[in-house]
Structures are given as structure tokens and as C-alpha cells.
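Values in this document were obtained by computation on a predicted structure and should not be read as measured data. Chain identifiers are assigned alphabetically (A, B, ...) following the order of the sequence lines, protein sequences preceding nucleic acid strands; residue numbering begins at 1 within each chain.
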Amino acid sequence: MSAPPLLEIKNLHIDMRSGQERLNVVENVSFSIGAGETFGLVGESGCGKSITALSLIGLLNRPLSVGQGEILFKGQNLLKMNGSELRRLRGNRISMIFQEPMTALNPLATVGRQIAEMFVLHQGSTWHEAERKAIAALAQVQVPAPDKRVKNYPHQMSGGMRQRVMIAIALACHPDLLIADEPTTALDVTVQAEILKLMQELCDQRGTSVLMISHDLGVIAKMCRRVGIMYAGHLVEERAVADLFRHPAHPYTHGLLASLPVLGQRTLDERKPLQEIEGIVPSIAAFPTGCRFEPRCTRATPICRDTVPGPSILGDGSFVRCYHHG
Amino acid sequence: MVDQTLLRIENLSVCFPVSAGLFRRSHQAVRAINNLSLSLHKNECLSIVGESGCGKSTLALTILGLQKPTQGSISFDGKPITGAEQPGRMQRARMAQMVFQDPYASLNPRQTIYSALAVPLRLHGLCNQGEVEDRIAATLKMVGLKPEQAKRFPHEFSGGQRQRIGIARALILNPKIIVLDEPVSALDVSIRAQIINLLLELKAQLDLSYIMISHDLSVVEHMSDRIAVMYFGQIVEEGPWQSIFANPVHPYTRRLLAAIPDPFMIIRQEDMTRKDMQPPPLSGFSYYPEEIGTHDVYQSPPATEFLPVGDDHRVRFIAR
């Protein structure tokens with residue numbers, strides 16, 4: 001390996017306290033993101049992908065807390081930092097885009113002020129200077145007539161425009177890492193395509209690393225080179241995107257890809273029923289002790305029920321957590 | 001040939017007055033649906049695709065009788081269901097029902113599944129007290145749930161099971177048409193296939209007709225028999241699923257198809273719509289709108305006409 005990765009997560013555990021109990025919401029998750037790399041994290045709702053992202057910037061709230069593990073950002077452990085150190089980092093070196101741009105923006109302030117705030121807080125600009133920079137930032141995310149749009153309130157903008165504003169805020173200080181949590185789920189497909197293209201261009205230009213969180217495998221395939229699949233709090237597989245889609249190793253990934261309706265698969269005279277993954281995602285309170293996919297897995301054997309499989313290395317930094325992968 | 005049309009929508013327009021200013025008088029109207037004509041055949045799945053705000057949901061509500069049309073008519077099985085001869089609400093409820101996007105938001109949290117399903121049966125007097133239980137048990141079995149689960153409340157079910165309940169609720173009055181509003185987009189990816197398969201099985205088994213509203217074009221391709229592309233309150237292209245996907249003609253349809261992030265296609269680095277595929281507009285016509293995205297919702301759109309592309313596939317043009 002050459003340069004150390006920008007972000008390294010080692011054996012991250014996130015617990016949820018409920019009464020006397022401690023539930024393992026995220027268990028033993030490790031991955032790293034290199035400089036300028038786009039890493040995808042895929043999983044269903046409740047699998048722990050969003051709280052993994054929130055833990056990176058110290059935004060976990062009770063009853064959630066990091067149990068053990070390390071989050072190294074440029075070699076520094078984020079979990080050991082105090083509030084003011086984290087605040088200096090957050091928005092400046094690491095920033096985040098949320099799913100729903102309406103709830104993430106302040107409805108009582110103009111978008112110009114919300115962008116300008118970044119320059120005032122992190123770069124010590126005066127408000128006057130900052131507002132000029134805000135116009136430039138809006139122009140960069142291709143908002144038409146940015147000098148007029150800075151005076152708009154969020155409710156005066158469409159969903160796509162609001163998400164552009166969010167991107168402008170997130171990239172204002174040229175962060176090293178951008179966390180995008182389902183950035184396009186609330187948008188139309190055509191708008192989604194535009195927003196993804198914009199994110200990709202801006203991040204490529206600036207060499208920003210991206211942690212892309214999505215349940216949409218199409219978005220991941222488009223944006224990322226490497227991808228981690230999460231299931232019920234475990235990172236079950238980490239692969240290069242092309243390998244993952246061609247030869248999924250984990251039974252869950254395999255089932256997930258087989259269950260998707262694929263464009264061009266339906267032939268003129270016959271429609272095959274989609275392959276289903278039997279059963280449902282286990283609830284947090286009743287996670288199996290061994291492999292968490294075991295109750296739904298077709299390849300399961302007794303060993304799967306008792307012990308969590310360790311990572312099997314597949315070469316090229318990829319791994320899968322399964323005794324019967326292939 | 002026997003007329004296979006189950007639902008016929010003719011020249012339907014729906015306008016919403018916008019009130020503003022002093023005395024809140026309405027000066028303008030948003031034209032949500034403009035002169036739309038569409039028909040649904042027996043036992044087919046017709047998908048309506050388009051971006052948010054194009055009038056898809058208004059169309060669904062109008063079909064269900066929850067929104068009054070400003071102009072135009074809808075007929076079901078040859079009989080009008082709008083205007084003066086409009087049947088009562090109870091009768092309409094037995095023609096068409098809806099499956100909603102978010103099953104949790106559409107179920108009453110204080111009602112057990114049994115009572116949610118029993119109320120319509122009692123109101124419509126479809127069967128006597130003794131039969132209600134059997135009918136509910138049969139419907140739950142049909143959607144893949146156990147009759148014993150009827151005693152539970154919505155929060156005790158997972159997302160996929162809740163959507164099954166939503167489907168059972170829609171089926172309980174034996175409607176002919178089911179309107180599916182984004183039936184799987186709120187569900188987990190690993191559950192979607194189960195619901196899609198269930199919907200297709202039920203369609204064949206009960207001879208249902210579906211009108212499906214969806215963003216997800218891979219689901220649309222899998223489920224549909226016909227597809228109508230909607231843009232600013234109008235159908236701009238309509239045809240059998242094969243020809244819409246193989247030969248999209250309208251620029252908006254092409255834009256929609258090009259925007260699909262299909263993982264397998266991205267990995268193979270294929271493009272849905274190649275430029276060289278695009279047929280030139282016929283002489284004297286151009287595709288409307290020439291510049292997508294400039295249409296004003298307050299204006300009635302310019303006069304356009306449908307031209308056949310072949311095999312029941314038509315597309316809207318504007319005379320130059």
C-alpha cells in the first residue's frame with residue numbers, strides 16, 4: 001500500500017441502550033476510503049448505514065453511542081476528539097449531504113446566508129465577503145441566476161434546486177470528505193441524474209473523497225468504484241463495484257441482485273417471476289448470534305448459526321463474511 | 001373483436017384555482033391535467049410514468065372519484081362514472097381501489113387488520129356476519145398472510161407485510177381495477193420482488209386490471225403491458241411496453257429512459273438511448289415540447305396531435 005487512506009474505520013461498534021440492555025446495532029465494521037475515492041455503502045433501512053455515517057462526524061445521539069473501535073481521519077482518531085475540535089472539522093474538512101433537502105435547510109434564513117455562514121465560520125470571512133463567495137458557490141452548482149437566487153428562502157426553490165444548495169453548502173470549504181446520505185432518493189429520476197453528475201464533476205475537480213450511502217444499487221454503480229454491503233449491522237461484503245455485480249460472493253448480495261427486475265431481461269413472450277429472498281430482515285432486538293443473514297440463507301449450515309464468520313479475503317482488498325461464499 | 005376496454009377516459013381536464021391577493025380571488029388555474037384521453041383494457045397493467053408534478057396522482061384520484069374533473073368524462077365498462085349520471089360513492093368503491101405507496105401511513109394504527117378489512121364488507125353489505133370472517137381469512141391467504149394475523153395491529157408487521165395488508169384492503173370489495181401508486185418504492189429492496197410477484201399473480205388469478213404509477217422504470221418494464229408517458233398533464237407517448245422501451249420516440253421519454261440508473265447496464269457501460277436511434281420528426285411536425293422544461297402550468301398547452309408510430313404506439317407532435 002502506498003499513501004495511508006484518508007479515512008479508516010476499524011472495528012466500529014455502535015450500541016443502542018434500551019433499559020438495561022445493550023443492543024449491537026452496528027458490529028465490527030471496518031473499511032477505508034482513499035483520497036479522491038468514492039466509496040458506496042449499500043443496505044436496507046435499519047441496516048446501520050446511516051448511523052455509521054453519523055458516527056463519523058460525532059452526531060450520534062442517545063440511545064446510540066459508539067461502543068468500541070477507531071475512526072481515523074488523516075491519522076487522527078475522531079472518537080477521541082472533543083466538541084470544539086469536532087466542530088472545527090465538521091463542515092470544513094468533513095461535510096454531509098442529507099436525504100431530504102427541505103428538512104436539512106433552515107426555512108427562516110435565505111439560502112445565501114446559509115452558504116455564507118460556512119465561509120464566516122470556517123474561513124473567517126466577513127459577512128460581506130462571504131455573501132459574494134456564496135454567489136460564486138451557487139454558480140458552481142449550476143443554479144441559474146445565482147445573484148438573484150441567493151436571496152431566496154428554501155421554500156421558494158424546487159427539490160432539485162434545494163439539493164444543489166445543500167451541495168454548495170457541503171462543498172463550500174473544499175472538504176476532504178463528503179458524506180452523502182441518500183442524496184437523491186427524494187428526487188425525480190431525471191433530476192437525480194443531473195444531481196449525481198454535478199456531484200461527480202465537482203468532487204473529481206477538487207479531489208474530494210465521497211462516502212455515498214444509498215439503497216439504490218443503480219446510483220452506487222454509477223458513482224462508486226468500491227462498495228460495501230451492509231446487512232443488519234454487519235458489513236458482509238466489500239468489493240470493487242464491477243466484481244460485485246458480476247460475481248456477488250455473499251448469499252445476501254447474490255439474492256439481492258437476483259431479485260432486481262433488470263432492464264431488458266423480460267423477453268417478449270415470457271415474464272419470469274422475480275427471485276425472492278424469503279423471510280424478513282431481523283429486528284434489532286432479535287439479531288441472530290451468528291451470521292445475521294442465516295435465518296434467510298439458503299446455504300446456511302449449523303456453524304452459521306453459532307459464530308459470526310470472519311472476513312474471507314478475495315484479493316485486491318475485497319472481502320466477504322460468509323462460510324459458504326462463492 | 002370484442003371491445004376489451006374497461007375504463008375509458010375522454011378529454012379529461014382537471015384545473016385547480018390558485019387564489020392570491022386581496023379577497024383571495026382566483027385569477028389563475030393550475031392545469032394539472034390537460035385534455036387527456038386514455039383507455040385501460042381488461043386484465044392489463046397500464047403504467048403511467050412521469051416526473052412529480054406532471055399530474056399522475058391527480059389522474060389516479062380522478063379515476064377513483066376523489067377528485068372532480070373540470071372537463072371530460074370517464075366511463076367504466078361502457079357506463080359513465082362522471083357527470084350527471086355519476087354513480088354513488090359506494091358503487092364507485094367497488095369499481096376501483098387503490099394501493100398506496102406507504103402502507104404504514106395508509107393503515108389506521110388503532111385498528112386491527114380484521115376491523116380494517118371488516119368495515120367495508122359491512123358497509124357494502126356484501127356478505128352476512130358469518131361470512132365476514134371467512135372472506136377476510138380467504139383474502140389474507142391470497143396475499144400471503146395467515147388468517148390468525150388478523151387480530152394484530154399495523155405496527156406489529158414488517159414493511160412488506162404491511163404492503164400485503166394494503167393489497168388485501170384494496171381487494172376485499174372485489175374491485176375490477178386497482179390503482180397502484182408506487183407500490184414498492186417505500187419497501188426494502190430485498191422485499192420488493194415478493195410484492196411484485198404477488199401483484200402479478202393476483203392479476204392473473206383474479207382477472208384484475210392495474211393502473212400503476214411509478215418512477216422505477218425497471219419495475220415498470222417488468223410489470224406493464226402498456227405504458228403511458230405523462231408530461232405536464234398530457235400523455236406525450238403511449239404504447240405497448242416493448243415498443244416504448246425498444247423505440248422511445250418522444251424526447252421526454254428518451255430523457256426518462258436515459259436517466260435510469262440500472263446497475264447492470266452501467267457496469268456493461270451501455271446506454272439506453274443512443275443518439276443515432278432517434279428518428280427525425282415527420283415533416284411539418286415537431287415533437288412537443290421542443291425545449292423540455294419550459295412549459296407553463298398556468299397556460300393551456302398548444303394544440304398537438306397524436307401520430308401513430310406503429311402497433312398501438314402513438315406519440316404527440318405539434319404542427320409547425
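The part of S158(B) that comes within reach of chain A is its side chain, from C-beta onward, which places non-hydrogen atoms under 4.5 angstrom from that chain. For A221(A), the parts lying near chain B are the backbone and the side chain together; criterion is any non-hydrogen pair under 4.5 Å. For L256(A), the part lying near chain B is the side chain, with the backbone staying farther off; criterion is any non-hydrogen pair under 4.5 Å. When heavy atoms are compared at a cutoff of 4.5 Å, L196(A) does not approach chain B at all. Contact annotation for L256(B): both backbone and side-chain heavy atoms come within less than 4.5 Å of a heavy atom of chain A.
Annotation: maximal heavy-atom pairing with chain B below 4.5 Å, among I277(A), L274(A), V281(A), occurs at L274(A). The candidate with the highest count of non-hydrogen atom pairs below 4.5 Å against chain A, out of L187(B), N197(B), D216(B), L200(B), is N197(B). The greatest number of non-hydrogen atom pairs below 4.5 Å with chain B, out of C47(A), S45(A), G255(A), A193(A), is found for S45(A). Chosen from I280(A), V219(A), V262(A), the residue pairing most often with chain B at heavy-atom distances under 4.5 Å is V262(A). By number of non-hydrogen pairs under 4.5 angstrom with chain A, the leading residue of G159(B), P263(B), G50(B), A259(B) is P263(B).
Exactly one of P309(A), P251(A), C291(A), C304(A) qualifies for a side-chain contact (heavy atoms from CB on, under 4.5 Å) with H324(A). That residue is C304(A). Applying the side-chain contact (heavy atoms from CB on, under 4.5 Å) test between S47(B) and each of V219(B), I244(B), V229(B), V220(B) identifies V220(B) as the sole match.
Checked by atom type, the side-chain pair H215(B)/D188(A) shows a donor-acceptor distance below 3.5 Å. At a cut-off of 3.5 Å, with distance as the only test, a side-chain donor of E237(A) or T253(A) sits close to an acceptor on the other residue.
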*Evaluate the side-chain contact (heavy atoms from CB on, under 4.5 Å) criterion for residues D312(B) and R226(B): first the C-alpha distance (whole Å), next the side-chain angles of each, then the deciding distance (0.1 Å), finally the verdict.*
CA-CA 10 Å; D312(B) 212 17; R226(B) 273 191 320 132; 4.0 Å; yes
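We find the CD-NE2 distance between E238(A) and H250(A) to be 14.0 Å, quoted to the nearest 0.5 Å.
Around atom CD of Q205(B), more than 12 heavy atoms belonging to other residues, nucleotides or ligands sit under 6.0 Å away.
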